[in-house]
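Take a look at the structure set out below.
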Amino acid sequence: MARRTTSVTAAAGLLILGASCVFLLSAADGDGGTMRYNAMFNFGDSLSDTGNLCVNKSAAEELLLTFANPPYGMTYFGHPTCRCSDGRLVVDFLAKSLGLPFLPPSKLPGADFRKGANMAIVGATALDFDFLKSIGLGYPIWNNGAINVQLQWFRDLLPRVCGTQQSCRPYLAKSLFLLGSIGGNDYNAMLFFGFNVSRAKSYTPNVVDNIAAAVERLIELGAVDIVVPGTLPIGCVAIYLTILPSGDKSDYDEHGCLKPLNDLATYHNSLLQDRLNRVRARHGPAARIMYADYYAYAMDMLRDPARFGFTAPVAACCGAGGPPYNFQLDARCGMKGATACGDPWRHESWDGVHPTEAVNRLVADGWLRGPYCHPPILQ
Ligand SMILES: *[C@@H]1O[C@H](CO)[C@@H](O)[C@H](O)[C@H]1NC(C)=O
Ligand SMILES: *[C@@H]1O[C@H](CO)[C@@H](O)[C@H](O)[C@H]1NC(C)=O
């Protein structure tokens, strides 16, 4: 139904030449006032990549991507789409709720990006590759899709989306931007390759500065509505719990999460909000910066899974090894030896790294209507 409405209005839009049609487009769609954006543009990592890393099939095969294999996509799509989930991602649910199509990966040749594009790519970092290399992390970072690189991809496709810089400004002012979550891979690279938590924390100002700078770059291009998610409670994620266990019981909280890692996540999130406040102060009402609280929502789901319909808060649905985490590095989801649970909708974690579609659906709603986005996207 929503798809039909969209294609009808798109066809009507074609009859009206020029950039002004985009305003008619949003005004003409009476879908409960939700058709408020021309387009949506997303930047990020595996939490929101809708296929960029798999566009080049030979590169994808070389990398032996686990998430390009079944059972990824088992709940929705019915086959792997290179999304790191059993189905849709937060960005997919947001697009659907806003009356927009699923965002095509920005690297997809010949795709139509007028209703949005997704620059996110698995493995992306907030810090530039050269910076990571300078602190000894050149090796684990194999994907040069840092946020600044994604911004360049976006600039490169703008002429096809909205024409000149001048005609793009009003178009982008009526588009929704989603910047992240990003930063998780920066910390993965640090923590999985020998940095302790306090050393990782010392780079948090660099990480959040890069995110805030990207927000500034988008505003310069004409963006107004920008959602910036914080990071997830990484101390409750199966891969961390498995790879970085602590011998000190006091490092675990009452939910079995690693406190030092969650401290890093909350530190990142508070510093990020501080930087976003500065951007808000600098631009006033010319920019609407929304902080999306991944952390608080995920923690609420972990504290009281039943309230959200979950029975397994931490254990991966798809993996190997059984309780408590069902995560094994050499038998990850999509590899030989891993199996998927029959009820992914009861699990919060899909593969021990990424959330299930069930979580993504809830998160999208919590960001659209609140209370997990400040201010909510649809407010
Ligand atoms: C695709 O990946 C292969 C293997 O890594 C590489 O040689 C080739 O240049 C890539 N093609 C494009 C269009 O990026
Ligand atoms: C963390 O690592 C840094 C640098 O390698 C070191 O100086 C510091 O003592 C370590 N901190 C802890 C708590 O182990």
Side-chain angles (χ1 to χ4, degrees), residues 43-46 49-69 80-84 103-113 117-125 127-129 131-160 183-208 231 234-235 240-241 243-253 257-268 270-271 334:
F43 304 80
D45 56 23
S46 57
D49 181 355
T50 51
N52 258 333
L53 194 59
C54 295
V55 163
N56 182 341
K57 294 222 160 47
S58 51
E61 274 161 25
E62 256 172 45
L63 289 166
L64 301 170
L65 304 174
T66 53
F67 49 88
N69 300 332
T81 64
C82 222
R83 283 170 173 79
C84 291
L103 303 187
S106 60
K107 288 170 173 286
L108 196 64
D112 182 351
F113 298 121
N118 192 348
M119 276 57 65
I121 189 159
V122 173
T125 53
L127 294 168
D128 294 328
F129 179 73
F131 183 91
L132 289 159
K133 213 165 107 184
S134 77
I135 59 170
L137 295 174
Y139 159 70
I141 298 295
W142 45 270
N143 164 24
N144 191 5
I147 202 163
N148 280 324
V149 175
Q150 292 184 30
L151 281 171
Q152 191 53 48
W153 295 342
F154 176 61
R155 287 188 206 100
D156 291 345
L157 61 78
L158 272 182
R160 279 189 283 157
N185 288 317
D186 301 74
Y187 299 120
N188 290 345
M190 295 178 205
L191 297 167
F192 293 155
F193 292 88
F195 288 24
N196 60 29
V197 172
S198 51
R199 183 149 183 231
K201 262 185 182 160
S202 73
Y203 293 108
T204 300
N206 305 82
V207 171
V208 297
T231 193
I234 56 176
Y240 280 100
L241 288 158
I243 295 183
L244 301 170
S246 172
D248 181 352
K249 269 198 176 131
S250 69
D251 278 344
Y252 293 89
D253 72 9
C257 304
L258 281 162
K259 286 194 280 192
L261 293 178
N262 278 353
D263 286 348
L264 171 61
T266 49
Y267 178 62
H268 169 96
S270 68
L271 226 52

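Hydrogens, waters and symmetry mates play no part in the numbers below; they use all other heavy atoms, side chains included. Sequence positions, counted from 1, serve as the residue numbers for this chain. Ligands are counted one by one from 1 in listed order, and the atoms in each one are counted from 1 as well.
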Exercise. Is there a side-chain hydrogen bond (donor to acceptor under 3.5 Å, both in side chains) between Gln152 and Asp156 once you walk through the steps?
Worked result: CA-CA 6 Å; Gln152 191 53 48; Asp156 291 345; 2.9 Å; yes
Exercise. Backbone N or O of Val197 within a donor-acceptor pair of the Tyr187 side chain at under 3.5 Å?
Worked result: no
For this session: Could you list which atoms of ligand 1 come closer than 4.0 Å to a heavy atom of Ser58?
Result: 1 (C), 2 (O), 3 (C)
Problem set entry | Heavy-atom nearest neighbour in the protein, as seen from atom 5 (O) of ligand 1, with distance rounded to 0.1 Å | Glu62 OE1, 3.4 Å
Problem set entry | Atom pair CG/SG of Leu63 and Cys54 - distance to nearest 0.5 Å | 9.0 Å
Problem set entry | Main-chain N/O of Asn118 paired to Asn52 side chain as donor or acceptor, under 3.5 Å | yes
For this session: Go through the side-chain N and O atoms of Ser246 and Asp248 and say whether any donor and acceptor fall under 3.5 Å apart.
Result: no
Problem set entry | For Ser198, atoms of ligand 2 separated by under 4.0 Å from a heavy atom | 1 (C), 11 (N)
Exercise. Which of the atoms in ligand 1, numbered in the order shown and given with their element, are less than 4.0 Å from a heavy-atom of Ala59?
Worked result: 2 (O), 5 (O)
Exercise. How far is atom 4 (C) of ligand 2 from its nearest protein heavy atom, and which residue and atom name does that atom have?
Worked result: Arg199 CD, 3.8 Å
Problem set entry | Sub-3.5 Å N/O-N/O distance, Asn196 and ligand 2 | yes
For this session: For Asn185 and Asn188, indicate whether the former's side chain and the latter's backbone hold a donor-acceptor pair under 3.5 Å.
Result: no
Problem set entry | Protein contact of atom 13 (C) of ligand 1 - nearest heavy atom, named by residue and atom, plus distance | Asn56 ND2, 4.4 Å
Exercise. Is there at least one protein heavy-atom neighbour under 4.0 Å from atom 9 (O) of ligand 2?
Worked result: no
